[in-house]
Amino acid sequence: MSPCEPVTLSRKPTNNPTPSTTLEDYTVSSNGFLPEHLPLERLPDPYYTPWESLTESLPVALAKQTLRDSVHCLPVLSTDRLSTEPEWRRACVVLGFLTHAYIWGGDKAAEILPPQLTLPLLSVSSRLGLPPVATYASLNLWNFRTTLGGNLTDPAALHALLTFTGTVSESWFYTLSVALEARAAHLPGMILSGFTALCSPLATLTTLQETLTEIAHTLASLTALQDRMHDHCDPHVFYHRIRPFLAGSWNMGAAGLERGVFYDEGPAMGECQWRRLRGGSNGQSALIGLLDWVLGVEHAPGAAGEGDYHREVKEYMPEGHRRFLADLEEAYPCGLRKMVGELVMADGGSPAVAAVKEAFDAAVAALGAFRNRHLQMVTRYIIIPSRQPGGAGQGVNLATASSARATSGGGGREELTGTGGTALLPFLKQSRDETFRARRLQEVQAA
Ligand code: HEM
């Protein structure tokens, strides 16, 4: 088979609805999963000044431990005066930060969230299709501004709008992910048009190979950028001061939330309930979900005792992004892996097909390398600080709970918990191993 010969394999979409070809339908922009325009820095309606004033002084209020009192003094504001999408997103950012600051901003975690936060948070979250908690979207995707000419791919040009600590480490931690998303901004469109092209009668092996090569190339750039976390994010500051605020209420018994968090909706309102939700984590990035799907990476449910983490975190993505992944998965199950597998089975001896297989393997290896580097970062930012004596600080939170586990002996390191509530090391290793397994094409064929 020559590279320019049309490919004639069964890679037609299933009978299910095909993905809309308009990325905007999925709130995917020319900046990928980042918004088209810079996020709002403040809600324009003065009605929301009480929220904005409190978030402005968030690091100070947390340091002085006055944040909870200030929240109690807030009026219960309605979301009726939010109109544009950027305003709803800004409200989501503000309320996400205030909620986590309230829960973790004391010597002990607060188990009860007051109506000043629950009522607007539930309304905003429901409007955006997100759970009522801080997510990757509110911490990262919608929480940045730019300087230096506004190049989103340059982390030095990005600054977080809101932080819990006011530290450079925290701003860098969030905005490095913004730069990562920006560097991969072309992937959603490229992949979507790649599939459209591959489903045409004139599809060629060259198109397939070029798509795979570009994915591998972009992933190598993301891995290099990930390494720059060390430039300005101090592991000690991250572990002891930042990470505790990112924790959710899922699997946080050791950090003081045995039952989760009670969302008090006030008298005669809603059905107040205990909720156990995962905290903010880059695991909620639709970009990584997209790469997993396109390379046919299969994450086994029940991995490392985690239920179906990779499926479940999709519920923590903005509604449009979640729908984008779901439509692609439904229309083209197992992404390019299935196509490559069919080619190899049909004509594995041809040099052109061998080149496609090589490009596929390189792309999978690049995603595996990304996850390997991520594991190294987790070691530096969580495992090592958790074992260092004397830094655990006061109170009960994710840092003190993790340090107690890590230093208790008996292999405690395997029990450390991520902000998303996972048993982090076994879980991350399994995700990495599942990535490399995508190279076994015969397994998807058998499925
Ligand atoms: C200091 C930096 C970072 C630390 C300490 C860290 C830590 C963690 C931890 C503990 C988890 C397990 C899930 C949980 O319970 O939260 C996780 C998941 C994950 N993180 Fe990070 N992370 C960091 C930065 C990043 C960056 C920059 C990315 C890039 C997108 C990233 C991508 C992911 C992904 C995709 C997952 C889900 C697991 C997987 O698919 O392999 N992380 N991270």
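As the structure lists them, so they are numbered: ligands from 1, and atoms in each ligand from 1.
Each of the atoms 19 (C), 20 (N), 33 (C), 34 (C), 35 (C), 36 (C), 37 (C) of ligand 1 lies under 4.0 Å from some heavy atom of G283. When each atom of ligand 1 is checked for a heavy atom of Y381 under 4.0 Å away, the hits are 1 (C), 5 (C). Near R371, meaning under 4.0 Å from any of its heavy atoms, are these atoms of ligand 1: 39 (C), 40 (O), 41 (O). The Y309 neighbourhood of ligand 1 comprises atoms 13 (C), with distances under 4.0 Å to a heavy atom of that residue. For ligand 1 and I288, the ligand atoms under 4.0 Å from any heavy atom of the residue are 35 (C). Per-residue contacts place F238 under 4.0 angstrom from the following atoms of ligand 1 (heavy atoms of the residue considered): 5 (C). The ligand atoms of ligand 1 that sit less than 4.0 angstrom from a heavy atom of L180 are 27 (C), 29 (C). Each of the atoms 39 (C), 40 (O) of ligand 1 lies under 4.0 Å from some heavy atom of H310.
Considering only non-hydrogen atoms, atom 26 (C) of ligand 1 lies nearest to N282 out of V378, N282, L424. Between the choices I382, L287, D292, T379, the shortest heavy-atom distance to atom 10 (C) of ligand 1 belongs to I382.
A donor-acceptor pair under 3.5 Å links the side-chain atoms of S169 to the main chain of D234, judged by distance alone.
Proximity of S281 to ligand 1, defined as any heavy-atom pair under 4.0 Å, is confined to the side chain (atoms from C-beta onward). Residue contacts with ligand 1, taken as heavy atom pairs separated by less than 4.0 Å, involve F370 solely via side-chain atoms from C-beta onward. Proximity of L222 to ligand 1, defined as any heavy-atom pair under 4.0 Å, is not found for any part of the residue. The proximity of M229 to ligand 1, defined as any non-hydrogen pair under 4.0 Å, is limited to the side chain. Contacts with ligand 1 closer than 4.0 Å are made by no heavy atom of R243, backbone or side chain.
No heavy atom of L176 sits closer than 4.0 Å to any atom of ligand 1.
To the nearest 0.5 angstrom, R228 atom CZ is 13.0 Å from C233 atom SG. In this structure, CD1 on I288 lies 8.5 Å from NE2 on H374, to the nearest 0.5 angstrom. Atom CG in L130 sits 9.5 Å away from atom NE2 in H321 (nearest 0.5 Å). The structure places CG of L336 at 5.5 Å from CD1 of I215, a figure rounded to the nearest 0.5 Å.
With a 6.0 Å radius and a threshold of 12 heavy atoms from other residues, nucleotides or ligands, Q65 has its CD atom above the threshold. Atom CD of E258 has 12 or fewer neighbouring heavy atoms from other residues, nucleotides or ligands inside a 6.0 Å radius. The number of heavy atoms from other shown groups lying within 6.0 Å of NE2 (H230) is above 12.
Using modelled atom types and a 3.5 Å distance limit, the side chains of Y309 and Q430 yield no donor-acceptor pair. Judged purely by distance below 3.5 Å, without hydrogens or angles, the side chains of T435 and R371 pair a donor atom with an acceptor atom.
Close N/O approach between H374 and ligand 1 is found [any backbone or side-chain N/O within under 3.5 Å].
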Tell me, with the steps shown, if F262 and L113 meet side-chain contact (heavy atoms from CB on, under 4.5 Å).
-> CA-CA 6 Å; F262 184 77; L113 208 53; over 6 Å; no
